[in-house]
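Values reported hereafter were calculated over all heavy atoms of this structure, with side chains retained and with hydrogens, waters and symmetry mates removed.
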Amino acid sequence: MAPLPEGLVPVTAQNMIKKATVDARVMTGWMLLFGSLFLFFISLWMEPNGLSSLAGGTPSLWMIFLASAVFATALGHMFYNKAIQHIGAVESAIFINLNPLFSLLGAYLFLGESISHTQMVGFILIVIGVVLGSGVLDEIGTLAHRSKMMGKKC
């Protein structure tokens with residue numbers, strides 16, 4: 001069920017952003033506002049006592065939460081929406097697959113989490129998928145073919 005919104009958001013966002021009817025920053029703001037409200041109400045339903053547990057957070061925990069919200073979520077989505085505006089949804093959607101990769105690396109580097117063999121296989125598959133989907137191999141093949149042809153002409 002989770003991949004459904006991931007697939008629909010780039011297409012919907014492209015219609016609004018690519019046609020310049022909505023600026024990427026405005027689109028990001030609306031997405032985060034509605035997404036936050038939606039998640040807030042779901043969390044109230046799933047964890048009725050969840051709000052009371054927020055009071056026990058330490059200042060350092062709140063700083064990490066704030067940094068994650070601003071740098072990882074808000075700026076990340078703003079750059080993604082800007083990418084949709086400039087290169088389109090299909091090309092931008094390929095790179096959204098790198099999110100789990102950076103989450104894994106961040107957990108390893110900043111939280112001291114261990115990386116399992118299964119996660120390493122997933123990491124490799126994500127990188128292969130992004131390389132194949134982005135057309136990098138096609139570009140390398142074209143450049144190799146051109147240089148080979150230039151070598152024959154000389």
Side-chain angles (χ1 to χ4, degrees), residues 1-140:
M1 184 91 168
L4 184 62
E6 284 290 328
L8 292 176
V9 167
V11 174
T12 306
Q14 181 180 19
N15 288 337
M16 297 173 79
I17 294 172
K18 188 82 171 162
K19 295 176 183 172
T21 58
V22 176
D23 183 59
R25 292 172 296 193
V26 174
M27 181 67 179
T28 303
W30 283 113
M31 284 173 53
L32 294 178
L33 176 69
F34 285 115
S36 298
L37 289 173
F38 181 71
L39 289 174
F40 177 74
F41 288 116
I42 287 179
S43 69
L44 288 178
W45 172 63
M46 304 227 11
E47 288 288 332
N49 298 325
L51 282 178
S52 62
S53 68
L54 292 177
T58 64
S60 62
L61 181 67
W62 282 104
M63 290 302 294
I64 291 170
F65 174 75
L66 183 62
S68 173
V70 171
F71 295 112
T73 306
L75 288 177
H77 280 287
M78 189 174 69
F79 291 143
Y80 180 62
N81 287 335
K82 266 295 199 204
I84 290 174
Q85 189 174 25
H86 290 287
I87 64 173
V90 174
E91 292 84 0
S92 300
I94 292 167
F95 294 97
I96 202 75
N97 293 315
L98 294 174
N99 278 350
L101 166 72
F102 288 112
S103 298
L104 179 66
L105 290 176
Y108 174 75
L109 293 173
F110 300 117
L111 301 175
E113 298 282 329
S114 61
I115 299 176
S116 70
H117 295 298
T118 307
Q119 291 169 325
M120 285 301 288
V121 170
F123 166 77
I124 292 167
L125 290 174
I126 288 171
V127 171
I128 289 170
V130 169
V131 167
L132 291 175
S134 65
V136 170
L137 292 180
D138 292 338
E139 190 68 29
I140 291 171

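- Expressed to the nearest 0.5 Å, how far CE of Met120 lies from CG of Leu125 amounts to 11.0 Å.
- Side-chain atoms of Glu47 do not come within 3.5 Å of backbone N or O of Leu44 as any donor-acceptor pair.
- For the residue pair Val127 and Leu101, the shortest heavy atom distance occurs at CG2-CD2, 4.5 Å.
- Taking the ring centroids of Trp30 and Phe34, they lie under the 6.0 Å cut-off.
- Atom-to-atom distance recorded for Thr73:OG1 and Phe65:CZ is 8.5 Å, nearest 0.5 angstrom.
- Formation of a donor-acceptor pair under 3.5 Å by the Ser36 side chain with backbone atoms of Leu32 is found in this model.
- Interatomic distance, Ile124 CD1 to Gln119 CD, rounded to the nearest 0.5 Å: 12.0 Å.
- The CZ atom of Arg25 sits 12.0 Å away from the CG atom of Asn81 when rounded to the nearest 0.5 Å.
- Between Leu104 and Glu113 there is no side-chain heavy-atom pair separated by less than 4.5 Å.
- Contact between Asp23 and Lys82 at its shortest, heavy atoms only, is OD1-NZ, 4.1 Å.
- Side-chain atoms of Leu75 and Met78, non-hydrogen and from C-beta on, do get closer than 4.5 Å to each other.
- Going from atom CZ of Phe123 over to atom CZ of Phe102 covers 9.0 Å, rounded to the nearest 0.5 Å.
- Among residues two or more places apart in sequence or in another chain, the side-chain hydrogen bond (donor to acceptor under 3.5 Å, both in side chains) test is passed with Ser60 by Thr58.
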